[in-house]
Structures are given as structure tokens and as C-alpha cells.
Amino acid sequence: MDIKITKTTAPKAKPQKGDKLGFGHIFTDHMFIMNYTEGKGWHDARIEPYANISLAPSAMVFHYGQEMFEGLKAYRGADDSIYLFRPDMNAKRANASNERLCIPEIPEDMFVDAVKALVDIDRDWVPSDEGTSLYIRPFVIATDEFLGVAPSKTYLFIVILSPSGAYYESGLAPVGIWIEDDYVRAVKGGMGFAKTGGNYAASLIAQVKAHDAGYSQVLWLDGVERKYIEEVGAMNIMFKINGKVVTPALNGSILPGITRNSIINVCKAWGYEVEERRVSVDELVEAAKNGTLEEVWGTGTAAVVSPVGKLRYMDDVMTIGDGGIGELTQKLYDELTGIQWGKREDPYGWRVLVK
Ligand SMILES: *Cc1c(COP(=O)(O)O)cnc(C)c1O
């Protein structure tokens with residue numbers, strides 16, 4: 001792919017070692033943009049200074065939410081190499097989302113090349129403090145000036161970058177999770193498996209409710225019976241029950257996390273039995289009561305592995321183990337982050353050098 005590069009003449013001050021970066025507030029010097037026009041395909045790939053974009057108020061994305069996004073990270077290794085983690089999986093998933101949303105396919109190599117080229121140009125923005133990374137946000141928006149309900153004929157594919165701090169500033173720490181028994185996020189046949197803004201818009205109200213009750217995240221139940229476990233806000237969920245690793249199967253309403261897939265592979269390689277199946281909330285409450293619910297953790301790009309210390313479902317508040325970090329949870333976190341930051345062997349071939 002030919003990418004036209006226009007470098008900024010006014011580079012911003014980059015974050016320094018020790019700066020508190022938080023998440024999603026700071027953006028780098030450049031962005032990648034590419035247009036789609038029906039009949040012409042994807043064209044005019046370019047890297048430009050990060051800046052506002054101009055869209056008509058009638059641009060379709062504002063009205064009917066035809067958009068897709070992805071999320072991945074670049075990591076700085078000890079020798080200053082910059083790595084991505086399984087970016088081909090993001091490219092594949094982007095197209096699964098695109099298909100569901102009637103957005104034209106982006107060739108996988110184009111997607112990965114765009115990410116690599118942009119990260120390479122802004123490589124000095126990849127932070128180096130322990131646990132930090134450069135968050136990468138590719139997204140597509142529908143740009144036709146039209147208020148009719150139909151797939152747009154023009155789109156923008158944009159990639160922006162945001163240096164982000166360690167998810168756990170004072171080390172891995174367990175979170176409390178609210179199992180939502182009223183609102184639902186997605187149903188089979190809907191777009192739960194796609195990474196798209198609409199799913200998040202649907203989730204905000206329960207997130208506010210959970211926060212108000214002192215919980216950090218929502219765990220969704222299935223949209224029909226509200227009986228089966230689906231996933232957490234932006235994470236998939238896993239349980240260790242009686243020695244086995246158990247996680248909800250990908251059923252169409254759950255986002256197929258790349259971290260989820262990676263953790264399943266690692267667990268299997270370590271000899272654990274892994275069950276991808278329906279998990280009812282009643283089974284969890286029962287397992288918590290009889291002491292077989294040994295560990296609970298979430299998986300997602302942001303936190304990698306997030307230990308869950310407490311689960312609330314209606315009147316039951318379940319403390320997992322001793323409320324601390326499970327042994328397997330910690331091992332999985334160490335293994336995956338070790339691979340991502342280039343500190344451990346990568347027997348799976350997941351780490352990808354940017355250049
Ligand atoms: C992105 C996302 C995840 C996690 O996916 P990863 O590829 O592991 O980052 C899980 N659930 C939802 C709803 C998501 O949007």
C-alpha cells in the first residue's frame with residue numbers, strides 16, 4: 001500500500017518517564033487516514049498530523065451509528081524494539097464487524113500495514129515505564145451526507161494513537177463486578193460480536209448504576225433469559241471452577257476477545273482443561289457457595305488479565321477465594337504481559353516487530 005506521509009512541523013511534547021498517562025487522553029503527533037468511495041474502493045492512504053476532521057452534520061455516522069472500531073497496543077521492549085500483539089487478529093475481527101455493519105472490507109494486510117506505518121512514525125511516543133504502552137485505535141465511520149437509513153457509500157478509516165499508563169498503577173489489584181439483572185447489552189442476531197459504538201451506548205446506563213453501587217464493571221447476562229453469563233463491559237470473563245477453566249462460548253452476542261483466545265491457548269498449553277460453554281449465573285452462585293469457584297478474571301487488551309475479587313448478583317455478594325489475586329490469574333498475567341513486552345519466550349509467535 002502506498003502511504004503518502006506528511007510529517008508535523010509542530011511536534012508536541014512527548015510524555016516523559018514517570019508521567020502519569022492515564023488512558024485515552026493524550027494523542028500522538030500523527031494519524032492514518034484512508035477514504036472509501038463506492039466504485040473506487042479504499043484510496044488515498046495517508047499519514048498526516050493529528051488534527052480535527054471536518055464532516056457534514058448530515059454525515060451518516062452521527063445519525064445511525066454505522067461505525068466500527070478496534071483496539072490494540074504497541075509495547076516497548078527492553079532493547080527499544082516496538083512490538084505489536086497479534087495485529088492480524090484485529091484485522092480479521094475488524095472485517096467481521098465491518099460485515100455485520102455493511103461497511104466494506106479492509107484488506108487485512110492494509111489494516112496491519114497502516115498500524116505499523118503509523119506506530120513507526122510515532123515510535124518515540126511508545127512509553128517505557130513498567131506496564132505502559134501505546135494504545136492503538138483504528139476505526140471506520142460512514143460519511144455520506146444523507147439522512148436515509150441505508151449503508152453509506154463513502155467511509156473514512158482512521159487510526160489514532162494514545163500513550164497509556166499502566167492499567168494497575170499500584171500493581172495488579174482485584175476488582176468488584178456487578179452482575180446486571182435488568183438491562184442487557186446484546187442478543188444473538190444483534191451485533192454483540194462486533195466492536196461497534198452502539199454496543200457501548202447500550203451499556204452506559206448499567207455502568208452508571210454499577211458505579212453508583214461501588215462496583216467498577218458490569219457483567220452482562222444473556223439478553224433473552226438473563227440467566228447465562230456473557231461478558232464484562234470491555235472484557236471477556238473466565239472462571240476456575242474445581243480446577244477447570246470455564247468461559248462462556250462465543251455465541252454471537254459476545255465479543256471474541258483476542259486476549260480471551262490467547263489465554264485459552266496458554267491454559268491449554270499448561271495442561272488445564274478449558275471448557276467453552278454456557279455458564280449460568282446459578283451455577284456460579286452455587287459454586288461460590290460450595291467453595292469450588294476458585295478464581296475469576298477478566299481478559300481484554302486494556303487490563304490484559306484483571307482479577308475479580310467480588311461478584312454481586314441480586315442479594316448475593318460472592319467473595320472469590322480470599323478476595324485477592326488467584327494463583328492462576330497472576331501466572332496468566334505474568335505470562336501474557338511477559339510475551340507482550342518481550343521479556344519472555346513467545347512460543348506462539350504472537351509478538352510482531354513493528355519494523
Ligand atoms: C474489545 C472488547 C473485549 C476484549 O477484546 P480484546 O481483543 O481481548 O481486547 C471484550 N468485550 C468487549 C465488549 C470489547 O469491546
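Because only heavy atoms are used, hydrogens play no part in the values below, and waters and symmetry mates are left out as well, while side chains stay in. First listed ligand is number 1; within each ligand, the first listed atom is number 1.
- Apart from Val187 itself, the hydrophobic cluster it occupies contains nothing, where clustering links Ile, Leu, Val, Met, Phe, Trp and Tyr at side-chain heavy-atom distances under 4.5 Å.
- Pairs passing the ring pair (Phe, Tyr, Trp, His ring centres under 6.0 Å) check and including a residue from residues 3-27, sequence neighbours excluded, read Phe23-Tyr135, Phe27-Tyr50.
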Hey, can you pull the donor-acceptor pairs under 3.5 Å for the side chains in residues 303-322, sequence neighbours left out?
from, atom 1, to, atom 2, distance (Å)
Ser306, OG, Tyr168, OH, 2.7
Arg312, NE, Met314, O, 3.4
Arg312, NH1, Ile179, O, 2.8
Arg312, NH1, Asp181, OD2, 3.2
Arg312, NH2, Asp181, OD2, 3.4
Asp322, OD1, Gly324, N, 2.9

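- For the side-chain contact (heavy atoms from CB on, under 4.5 Å) with Val296, the lone residue among Ile237, Leu219, Ile177 that qualifies is Ile237.
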For ligand 1, find each of its N or O atoms that sits under 3.5 Å from a protein N or O atom, and tabulate the pairs with distances to one decimal place.
from, atom 1, to, atom 2, distance (Å)
ligand 1, 7 (O), Arg93, NH1, 2.7
ligand 1, 7 (O), Arg93, NH2, 3.2
ligand 1, 7 (O), Ile258, N, 2.8
ligand 1, 8 (O), Ile258, N, 3.3
ligand 1, 8 (O), Thr259, N, 3.0
ligand 1, 8 (O), Thr259, OG1, 2.6
ligand 1, 9 (O), Thr301, N, 2.9
ligand 1, 9 (O), Thr301, OG1, 2.6
ligand 1, 11 (N), Glu231, OE1, 2.5
ligand 1, 15 (O), Lys195, NZ, 2.7
ligand 1, 15 (O), Tyr200, OH, 2.5

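- A donor-acceptor pair shorter than 3.5 Å can be found between the side chains of Ser81 and Asp79.
- Between Asn242 and Thr292, the side chains place no donor N or O within less than 3.5 Å of an acceptor N or O (distance only, hydrogens not considered).
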